[in-house]
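Computed over heavy atoms, backbone and side chain alike; hydrogens, waters and symmetry mates excluded. In what follows, chains carry the letters A, B, and so on, assigned in the order in which the sequence lines appear, proteins first and then strands, with residues in each chain numbered from 1. Since this is a predicted model, take the numbers as computed values, not measurements.
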Amino acid sequence: MDYNFTEIEKKWQARWAAEKTFRAENTSSKPKYYVLDMFPYPSGAGLHVGHPLGYIASDIFSRYKRHKGFNVLHPMGYDSFGLPAEQYAIQTGQHPALTTEQNIARYREQMDKIGFSYDWDREVRTSDPEYYKWTQWIFIQLFNSWYNPRAKKAEDLSTLIHIFETEGFKGLSHDILTSDIEHELNGFTPAEWKTFDEKRRNDILMNFRLAYLGEAYVNWCPAMGTVLANDEVKDGVSERGGYPVERKLMKQWSMRITVYAQRLLDGLDKIDWTDSLKEAQRNWIGRSEGSSLRFSLKDREGSIEVFTTRPDTIFGVSFVTLAPEHELVDQITTAEQKKAVDEYVAFAKNRSERERQADVTKISGVFTGAYVGHPFTRKPIPVWVGDYVLAGYGTGAVMAVPAHDTRDHKFAGHFGLPRPQVIEPAAAHSFEEDAWGEKEGKLINSDFLNGLDVKAAIKKAIEEIEKLGIGKGKVNYRLRDAVFGRQRYWGEPIPIYYKNGIPHALSYEELPLRLPEVDKYLPTEDGEPPLARANNWKYKGEFDYETTTMPGWAGSSWYFLRYMDAKNDKEFVSKETADYWQNVDLYLGGSEHATGHLLYVRFWTMFLFDRGYINVEEPAKKLINQGMIQGTSCLVYRINGTQKIVSAGLKDKYETTPIHIDVNFADNNAVDIDKLKAWRDDFANAEFELESGKLICGNQVEKMGKRYHNAVNPDDMCNKFGADTLRLYEMFLGPLELSKPWNTNGITGVSGFLKKLWRLFYKDGNFVVNNEAPNKDELKTLHKTIKKITDDIERFSFNTSVSNFMICVNELTDLKCNKKEILEPLLVLISPYAPHITEELWEHLGHKESIAYASFPLFNEEHVKETSFSYPVSFNGKVRFNVEFDLSLSKEDVEKEVLTLEQTNNYLEGKAAKKVIVVPGRIINIVV
RNA sequence: GCCCUCUUAGCCAAACAGGCAAAGGCGCUUGUCUUAGAAACAAGAGAGUGCAGGUUCGAAUCCUGUAGAGGGUACCA
């Protein structure tokens, strides 16, 4: 009987599906273990071999945990709302639900071929109304909640209303505010609150809701016709598509993630995620400590509020700079300066983010003509506008201290503004060249701060600022609230309708609010989002619905909870089930989600925890980022201006242009010319110059995808080599977390390994496994392997496991071992990696039950223990010969023995040994 | 600019706490089988660990410097 992987794999995949082998139970006496993959967006291109890398790793771990006696939850689903399906719909008129459905079917077929142990009964799709019903439900929970800083948690709005009814609102200093800068809200008494009408009350509450409608500067992407969240913008262009993005003030649904900034930061210390990922989140949250500070305007009412981390440098302020978008710019600019300021603001606002970021080194700005007073010296300070100040951070205004801040230094230098020094640097420094920005040195020219060091001065300055009532010590975060509405069709409808201009949430019984049908997936003529096209789409036939939809990250912010209880139509997850599964034990996915999905899912988890629906605060205990698999592109070389293609080795003789060809045309870089000719017309008529009768192509490593014709399809690999070989090979490529190029050439090595494994069971078609008792060497090989594989899996070092399997099978082959007692545990060891072949051989050994729940072999040290060891004897670190000693000998005895040896004397050449180092079981080193 | 990671045979990689003479796979060479090729099986060659110092009885492993590659982030006051 030969190893026929096609038949075997089909057989076992069918059996696992029919017997629901990998179904997880929501109640069990076994300990639970939850392994989750970041779910895919089902694109039209299908999976390439890069996608399953993480899925294979997590599948190995899931299968390993089942062998170890855990009740394993290992689900899969689809993040099926999203832009590509919508873009396709715009082009073709085909409903995105339809293309999404087709793409999912394709993904599923591809995944099934690889033999994953998913519990498919728990599959979820974010675009399914039965799923997004609960996404909408959570949105409403957020809409009806606020963050109570006193309790340090989210609560129902009723507790806030209670505070208004009993305490009123004390204005900006009230301790129920999570931020004192963003709310332009006047105080009121409990009595006044009672007199407010619905609209007024609602406007006030809107400042506290965790899902809120607010005006904010957003990243507007004109080409896509939608706003984008900060994490969806990279280098000033949209992450998807690379379209320009500009800043625009818009009324938008947003998520008040900023109230969780501190907890999101603190929580990082309690979870086992990679350092780079935690660091990315810390930077994104961007906590900085400092002080708020108000500068009163000269000659008029009002003040400019700034945030600074260096209140100690207050006496070094020589000007104040506003962001071009700052609302005071218009109000304070003097008549003489109006023209210049208007021109500058227009220029700054119309620049795209990319342009602005591209020339950060160019300094631009303009004087407003207005002055503020220094809070301590009363001296007038000029107010400037400059686009190095960002509207979105802090208050959109800075106090400029040119001597001690690099950006202020440059700005002052450019416009000839003074740079008063207030800190004596701790090291030699030229203030002409640069600012002294270090938090080290002694304060000078600073009144009551003189003589203090920076740290003490910061403390003292904040005290004085608070005493004057012009500001207070505060913590600022770079993290912004997340814009939640998208002007697009293919997303969850936001479950809100408007009555007299007031937004109201739907009641829970009215969910899901289904996505309505529209005639086109484009904005309306007046620029309304596509949902505004829907006919008669009104709440109770009367009130307008919100027409923006939720962003891509909505559905993925809680899906790990839905898997626990995917079919529940009463709750998003039952309390009981959530208590059992708690959170994800192992989460696998790409690092590109560091500041998007992985921050949002932590936010929603904390919120649901606060509101008592779940009992964990973090979604995933451990997280591993798998590296990306890059493509190895194939290039042929055309001689410029001709139709002649030359082999790679000859290309340097001519002026050539490289052309990407489909990687499937090449076998070990030898191109199949017939396939190439059939592929494209320009090759059909081409001439070819060969080397040794072959057309050799060049290679280039780049992103895998359609664009470079370098995508390798896992189906092809499964058909040609089998899923087990593909699984092993993907792991064998290298460490999981490293990015590496795909190269099919090496796959025959692991394919050969499986054949060799098969031959331990079948020789010339005969089953050769016997029941003889294993000898010492065979047991040693087995147990050495058990130890290594167990360690490897626990460390997620799957590439080394594959090598260790090869070594083990090579050794057993050399030992001619066909003994059941050895081969049976070996099959269990290999089964997480190559589940089909091991199931088959397991059955051949006489088992009726699946191997999936066989217990993992235990390492027994007795079998690898040696009684003696052949010590390498080295002289000054150089190994000269080996000598065998009993391991029971003490260090001293070994030393004594080795010095009596004749060989030792030869190498000592008559000199005395200065020192003898004996490491038992490892080495002897003699220092001469 | 700042932060992080990596550098071991032609290629991918292992060596987990410094300790044998640096695994395994691909590719290559040779042989067996075969009409031939492929496959299979067997045998073999190939590195002193980017570079320069240092610590140590002993360094791929630790430290310093330096070069190269990759990733992240960037006017955050």
Which atom pairs link the protein and nucleotides 2-8 of chain B when you take only N or O atoms and keep those under 3.5 Å?
none

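- In this structure, B:rA17 forms no base pair with any nucleotide, since neither Watson-Crick nor G-U wobble geometry is met with both distances under 3.5 Å.
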Can you tabulate the close N/O pairs, meaning under 3.5 Å, that link protein atoms to atoms of nucleotides 39-48 of chain B?
{"unit_1": "B:rA40", "atom_1": "O3'", "unit_2": "A:R759", "atom_2": "NH1", "d": "3.3"}
{"unit_1": "B:rC41", "atom_1": "OP1", "unit_2": "A:R759", "atom_2": "NH1", "d": "3.0"}
{"unit_1": "B:rC41", "atom_1": "OP1", "unit_2": "A:R759", "atom_2": "NH2", "d": "2.0"}

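- For B:rC62, the paired base is B:rG54 (Watson-Crick or G-U wobble, both distances below 3.5 Å).
- In terms of phosphate contacts, A:T800 brings no side-chain nitrogen or oxygen within less than 4.0 Å of OP1 or OP2 of B:rC16.
- The residue A:P741 sits apart from the nucleic acid: no heavy atom pair falls under 4.0 Å.
- At the heavy-atom level, A:F869 lies under 4.0 Å from base atoms of the strands shown.
- Residue A:N799 places at least one side-chain N or O under 4.0 Å from the OP1 or OP2 atom of B:rA14.
- Separating the CG atom of A:L887 from the C1' atom of B:rC20 is a distance of 14 Å, rounded to the nearest angstrom.
- Annotation: proximity of residues 398-409 of chain A to RNA chain B (heavy atom, distance under 4.0 Å) is found for A:V398, A:R407, numbered in ascending order.
- Look at CD1 on A:I747: it is 16 Å from P on B:rG25, rounded to the nearest Å.
- Rounded to whole angstrom, the span from the NE2 atom of A:H593 across to the C1' atom of B:rG72 amounts to 15 Å.
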